[in-house]
K.L.:
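This is the structure I want to talk about, given as structure tokens.
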Amino acid sequence: MRSFWGLMKAYWFSERWKEAWTLTIVIALLTALSSKAGVWFALALGELGNSIAFFHDAANTSPLQAILTNAGILVLLVVLKDAGFTGVRGLVSATLHRKWRGWLNSQFNKALLDGNHTHFHAQHGSAAGGIVAPDNIDQRIQESIKDMTGGAIGLAMGVLGVATSLYFIGENLIGSSVEVKGLEFLGGYGSAVLAFLAVAIYVPLNTWIAVKLGRLLERLNIRMQQAEGSYRSELTTFLRRSFHVAASHGEDVQKSMHDKLYVDIDKTWGKLNVVNNSYTSFELIYNFLGARIVAYGPGLVSFIHNRLDYKGYITGSEMVAQLISQCSWFIHVMPAIATLRANSQRVTELANAIENVQHPQAFYSQTGQSDFHYASQNPVFGLTIQKLELAHQGEDATPFLSAANLRFRRGEWTFLKGESGCGKTSLIKAINGLWPYGRGTIVFPDGVKSFYAAQEVKLQQVSLKQLVCLPGSEHDHGDAQVASALHKAGLGDFIEHMASESREGKSWDQVLSGGQKQKLVVARIILQQPGLLFLDEATGALDPEGKIAFHQAIKDNCPDVTVISVMHEAVAPRSAAGTEFYHSIVLIADGVATKKPMAPTLPVELTTILTQPRPVEDKWLRFSRRLKQK
């Protein structure tokens, strides 16, 4: 699905090909019937016109009855064509649209949410390296796929309508053709040849104009989608950080950002309106000239020379008008084609981005050094890191962190310590394959489940039980197991609401506080029983007592787990009894990570003071100064 035609045909050659082809064949049959009904309509219109023209003819014994009969037949044909064939075709095509879009949507979601973390890697790129990450992926999956599939079906039906109309109308025009004075060498095909010639000259000439306008529409449509996507993305991000904007009184800054993004929408929209309205005016003039001038021209010569009666003239002209209308499909749908091409370009760009990151290291190697090796070993030896260097983008980027040899034994708790920005989080991201640039070897304990707990916890809108069971399924664990995990994590009050996706109309992401969300992470850890646990400032929203409870719950319920933890605290937390949770420290200083055992145990009173919030530290400092003064 990395090209336009590949994207268009994928559904019809997928595992759901029977569904796709059945709906397509039904649409084709209804389109053919609708085109045939168009011929019947032209014939009935000719009969009605003829009955009106000869209303006062002495030979016409029942003029009113003839008019009413022909008018009734015309109405019945309109109902049959528009409410019958065309209406049912619309329902079937809408069903095909729904099925096709659903299949494409599932394919892109499956590709993005694979074990390769494609959704994460696809958002990384570098303009300097010639790899640009696709903007507004959500818009491409939601809007672009929907509009592209609907537009493609409409255009395909238009092409089929042209083909069937050419056959049925052309057959009738040839069958009713007469000789034209001055073109006697054409014999009885004279009027048909003139009709086809008029269509062949008028339609292509105006189609060329339509193509020129269409290319401009396509460029503006792509630009409009980008502008709309960026504005919507910023609004979504703003609502997620609404509290921070309010707390910092940042409304004016946020408003200026919105205004700046909307200016791009407004300017592009203005240009799009000018081109769209110009195209509409061109199309209206084209339709009038085609239906009332060009269509009635070919048969006029034969009518003037009395080789064609009035009925034949009206019928033939209406058929030429229908033929022009059907062959003008390309002109009528040029704005839709421009939109289709714009949508398909955005979808294929996403497909290409997904394909490009299937091998992350090869992808990142195009914009920097990415040479990580991941292996496994006997779980007895734990986790090993060898000759690790982390860098930023760029072939010549200097490593900002290096670790020659780090070993983490089974059941060992290690505290990562260093100044802010030294690379603590980058280190555990690299261990988990989430840091793009650098090199080194990471050897995992074979068969050991790992769990990564980040500082910021975002909850999906699913039941509380499902949230606790993540990354597994709610069917993997019984209610009693989940209830026990919630109780041990300090969320026992919510056990009775395990099956609910919301509480009092609010999702769990809105119901739970920052500290409660981090306790929810503890419940997940207790339930999943990982052998390797990464804590990336996972206790940031907890008070000192909460941090102790967080660690104690893991210590009590996951006895053999290896923990690697990043925290802002200068001193690692200890249990309420004064026992150390952590056995070792990885100190990052001057870009080098070294591991050593924990420092000698400090007195409980001093450790408690060091881990207290700032006001308590200030009191201790003041107390120390008074002691020195004395």
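Predicted, not measured: the structure shown is a model, and the values here were computed from it.
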K.L.:
Not counting sequence neighbours, which residues clear ring pair (Phe, Tyr, Trp, His ring centres under 6.0 Å) with Y374? List them please.
P.N.:
none
K.L.:
Give the C-alpha distance, both sets of side-chain angles, the deciding distance and a yes or no for side-chain contact (heavy atoms from CB on, under 4.5 Å) between N557 and V522.
P.N.:
CA-CA 10 Å; N557 295 281; V522 176; over 6 Å; no
K.L.:
If we only count heavy atoms from C-beta on, is the S365 to S370 side-chain gap below 4.5 Å?
P.N.:
yes
K.L.:
In a check of side chain to side chain donor-acceptor pair (under 3.5 Å) between N343 and each of Q225, E143, R140, which one passes?
P.N.:
Q225
K.L.:
Both conditions, 6.0 Å and 45 degrees, for the charged tip of K595 above the ring of F408: are they met here?
P.N.:
yes
K.L.:
Under a 4.0 Å N-O cut-off, is there an ion pair linking D479 with K465?
P.N.:
yes
K.L.:
Parallel, tilted or perpendicular for W413 and Y582, by the 30°/60° rule?
P.N.:
perpendicular
K.L.:
Are the side chains of C469 and L527 in contact, using a 4.5 Å heavy-atom criterion?
P.N.:
yes
K.L.:
Which of these passes side chain to side chain donor-acceptor pair (under 3.5 Å) with T149: H97, R101, R98?
P.N.:
H97
K.L.:
Under 3.5 Å, is there a donor on one side chain and an acceptor on the other for Q254 and H258?
P.N.:
yes
K.L.:
Hey, could you give me each pair passing side-chain hydrogen bond (donor to acceptor under 3.5 Å, both in side chains) that has a residue in residues 418-431? Not counting sequence neighbours.
P.N.:
T425-D536
K.L.:
Any heavy-atom pair between the side chains of E228 and I265 that's under 4.5 Å?
P.N.:
yes
K.L.:
Report the C-alpha distance between H551 and T539 in whole Å, list the side-chain angles of each, state the deciding distance to 0.1 Å, and finish with yes or no for side-chain contact (heavy atoms from CB on, under 4.5 Å).
P.N.:
CA-CA 9 Å; H551 285 80; T539 60; 4.0 Å; yes
K.L.:
Could you check T562 against R409 for side-chain contact (heavy atoms from CB on, under 4.5 Å), going step by step and ending with a plain yes or no?
P.N.:
CA-CA 7 Å; T562 300; R409 302 185 312 276; over 6 Å; no
K.L.:
Using the ring pair (Phe, Tyr, Trp, His ring centres under 6.0 Å) definition, which of the options F372, F120, F400 pairs with W435?
P.N.:
F400
K.L.:
Salt bridge between D259 and K255, side-chain N to carboxylate O under 4.0 Å?
P.N.:
yes
K.L.:
Going by salt bridge (charged side-chain N to carboxylate O under 4.0 Å, His left out), name the residues that satisfy it together with E355, two or more places apart in sequence or in a different chain.
P.N.:
none
K.L.:
Decide yes or no on side-chain contact (heavy atoms from CB on, under 4.5 Å) for I431 and L383, but give the supporting numbers first.
P.N.:
CA-CA 10 Å; I431 295 172; L383 172 71; 4.2 Å; yes
